[in-house]
Amino acid sequence: MVLGDTLLDRDVEGVVNRLCPDSPVPVLDETAATDRPGGAGLAAVFAAAQGAEVVLVTALADDAGGARLSALLAAAGVQVYPLALAGATPEKIRLRARGRVLLRHDRGSAFGEPGQPSDEVLRVIAAASAVLVSDYGRGVARQPALRDALAATRAPVVWDPHPRGPAAVPGVHLATPNESEVRELVPALPGASRLAAASRGAQGLRRRWRAGAVAVTLGGDGALLCHAGSTPLVVPTPGSAEGDTCGAGDRFAAAASLALAQGALVSEAVQVAVAEASAYVAGGGVATALPPSAPAVRAGGAPGRRALQPAPRGVAVADRVGVAAVATLLGEVRAAGGTVVATGGCFDLLHAGHVATLEAARQLGDCLIVCLNSDASVAGLKGPDRPVQSEADRSRLLAALSCVDAVLIFDEPTPETALSWVRPDVWVKGGDYATGGGDASATLPEAEVLRRWGGNTVVVPYLDGRSTTDLIVRTLAERTR
């Protein structure tokens with residue numbers, strides 16, 4: 001399990017051939033852009049890429065950045081257990097040319113307060129085989145209920161600290177600060193050598209945090225590990241490793257956590273982590289280490305990112321479709337303490353059975369969001385002859401209903417990615433999903449996802465005899481008579 005703050009990182013590649021005419025600065029002509037999870041999200045993606053089953057506990061905002069992170073993490077095989085995040089998704093945008101960073105542009109620098117963890121999140125912490133706390137100083141590692149759960153777990157805990165973050169919980173197996181973080185947390189003595197400063201800082205943090213061990217990462221020179229004994233262990237890199245070091249600390253911490261989960265000694269875990277981080281940098285860094293980016297959850301309307309604007313009921317139907325509309329709605333409803341209800345499906349031919357389900361769902365809360373399968377998703381589920389109506393038409397029809405407040409289009413076979421971002425309080429399906437007897441919600445594939453943040457799944461009555469497939473079959477039969 002990885003726990004911590006997740007950011008949206010974006011690399012903008014381009015070429016520089018001229019200076020700006022009104023200021024002596026280079027002009028970057030963009031040629032490509034890549035989004036990826038940053039912070040704890042990047043550490044989780046690294047662990048998942050090694051074949052581990054990875055759960056990420058992090059805070060996601062109700063905005064387009066949060067939706068993008070949810071899609072990227074799901075595509076990487078990471079199970080997200082989201083906490084609510086007040087404010088905007090933090091973003092770090094690197095402008096690059098010929099492999100060099102020209103400028104970093106940060107957004108969402110104001111820290112939002114993460115929400116309370118659900119009982120399911122606390123259960124997952126207790127059941128984890130290893131826990132990596134990837135602290136980026138934005139509040140998740142400071143959350144009291146999470147800290148209590150971390151202190152109580154018997155699993156090995158690796159703490160990757162941040163100078164703005166809290167102290168590690170007492171008893172962690174391994175803390176992994178880098179050299180500059182150690183100097184900030186434990187000032188070096190005047191005239192001390194590099195190794196002496198790192199060793200003194202590591203021992204100081206080990207005693208302050210009551211940690212089992214502290215490994216100070218030294219960039220291309222490996223790491224220095226301090227145990228309870230007086231003599232530190234220096235783990236050199238296996239070879240020369242020059243290149244983009246962005247994400248190397250996350251790769252180190254993730255590798256150490258996986259090794260501890262498999263029963264390695266702390267010293268063995270640090271050796272594995274040094275080798276992994278060195279190979280990562282030598283192999284091209286984050287640009288080559290990550291799986292291909294996921295498609296974005298559909299914004300709806302015009303392509304690209306739209307500014308979030310209020311969407312009252314009097315606005316055009318098209319303005320109730322997409323990430324921007326959903327984000328605005330979520331912000332308004334949650335700010336008022338309301339209940340968010342969601343449902344989903346293909347809605348290929350909107351009929352009375354659909355309307356009955358939607359109307360019943362809307363009565364369960366203060367807004368209703370419909371997660372709509374895209375054209376590609378419907379074709380994958382129903383076959384190449386479906387859908388009958390395009391996603392643009394289907395979303396417009398749904399948004400025109402008075403019981404529907406917003407529509408979110410998703411490309412995946414299931415709405416798990418969209419749900420991890422929306423985090424509805426209630427997920428609704430029509431009664432045709434119930435099998436009769438027992439707990440009907442247990443038959444819903446989304447029930448396990450909803451439990452991650454304490455949401456509930458329910459079934460509402462469905463009008464018998466209404467089916468999109470039956471309607472299509474009957475229509476085709478009428479045509480052939």
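As the structure is a computational prediction, the values presented were derived from the model and not from experiment. What's counted below: heavy atoms across the whole structure, side chains too, no hydrogens, waters or symmetry copies.
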Checklist entry - CG/L408 to CG/L398 distance, rounded to the nearest 0.5 angstrom? => result 12.0 Å
Next on the checklist: Between S70 (side chain only) and T417 (backbone N and O only), is there a donor and an acceptor less than 3.5 Å apart?
Outcome noted: yes
Checklist entry - What heavy-atom pair brings A253 and V158 nearest, and what distance separates the two atoms? => result O-CG1, 4.4 Å
Checklist entry - Is D135 salt-bridged to R142, cutoff N-O under 4.0 Å? => result no
Next on the checklist: If only side-chain N and O atoms count, and only distance matters, is there a donor-acceptor pair under 3.5 Å linking T176 with D160?
Outcome noted: yes
Checklist entry - Is the closest side-chain heavy-atom distance between W453 and L83 below 4.5 Å? => result no
Next on the checklist: For a quick check under 3.5 Å, do T89 and D63 share a side-chain donor-acceptor pair by atom type?
Outcome noted: yes
Next on the checklist: Give me the atom names and distance for the closest heavy-atom approach of V55 to Y81.
Outcome noted: CG1-CD1, 3.5 Å
Checklist outcome for this item: Rounded to the nearest 0.5 Å, the CD atom of E412 sits from the CZ atom of F410 at a distance of 7.5 Å
Checklist entry - So, the side chain of D405 versus the backbone of L368: is there a donor-acceptor pair under 3.5 Å, distance only? => result yes
Item to check | Donor-acceptor pair between E416 and Q79 side chains, under 3.5 angstrom | outcome: no
Checklist entry - For H105 and L95, what are the C-alpha separation, side-chain angles and deciding distance, and is it a side chain to side chain contact (heavy atoms under 4.5 Å, CB included)? => result CA-CA 8 Å; H105 173 204; L95 305 181; 5.6 Å; no
Checklist entry - Would you call R362-E359 a salt bridge at under 4.0 Å N-O? => result no
Checklist entry - In Å and rounded to the nearest 0.5 Å, what is the CZ to CZ distance from R452 to R423? => result 13.0 Å
Checklist entry - Donor-acceptor pair, R394 side chain versus C346 backbone, under 3.5 Å? => result yes
Checklist entry - Rounded to the nearest 0.5 Å, how far apart are OG1 of T414 and CG of N373? => result 9.0 Å
Next on the checklist: Salt bridge check, D35 against R10: does any charged N sit closer than 4.0 Å to a carboxylate O?
Outcome noted: yes
Checklist outcome for this item: All heavy atoms of L450 vs all of P424, minimum pair found to be CD1-O, 3.4 Å
Checklist entry - Quick one: does L146's side chain get under 4.5 Å of V121's, heavy atoms only? => result yes
Checklist entry - Does I125 reach the side chain of L150, with side-chain heavy atoms less than 4.5 Å apart? => result yes
Checklist entry - Using 4.0 Å as the upper bound for N to carboxylate O, is an ion pair formed by R96 and E13? => result yes
Item to check | Heavy-atom side-chain contact between L397 and F347 under 4.5 Å | outcome: no
Next on the checklist: Nearest 0.5 angstrom please: R334 CZ to C367 SG, how far?
Outcome noted: 8.0 Å
Next on the checklist: Once you measure the plane-to-plane angle for Y280 and F46, does it fall in the parallel (<30°), tilted (30-60°) or perpendicular (>60°) bin?
Outcome noted: perpendicular
Checklist entry - Which pair of heavy atoms, one from L8 and one from G65, lies closest together, and at what distance? => result CD2-CA, 4.1 Å
Checklist entry - Does the side chain of T58 come under 3.5 Å of the side chain of T6 through a donor N or O and an acceptor N or O? => result yes
Next on the checklist: Working to the nearest 0.5 angstrom, can you tell me the gap between D9 CG and T34 OG1?
Outcome noted: 11.5 Å
Item to check | Steps toward side chain to side chain contact (heavy atoms under 4.5 Å, CB included) verdict (N178, F252) | outcome: CA-CA 10 Å; N178 63 35; F252 180 95; over 6 Å; no
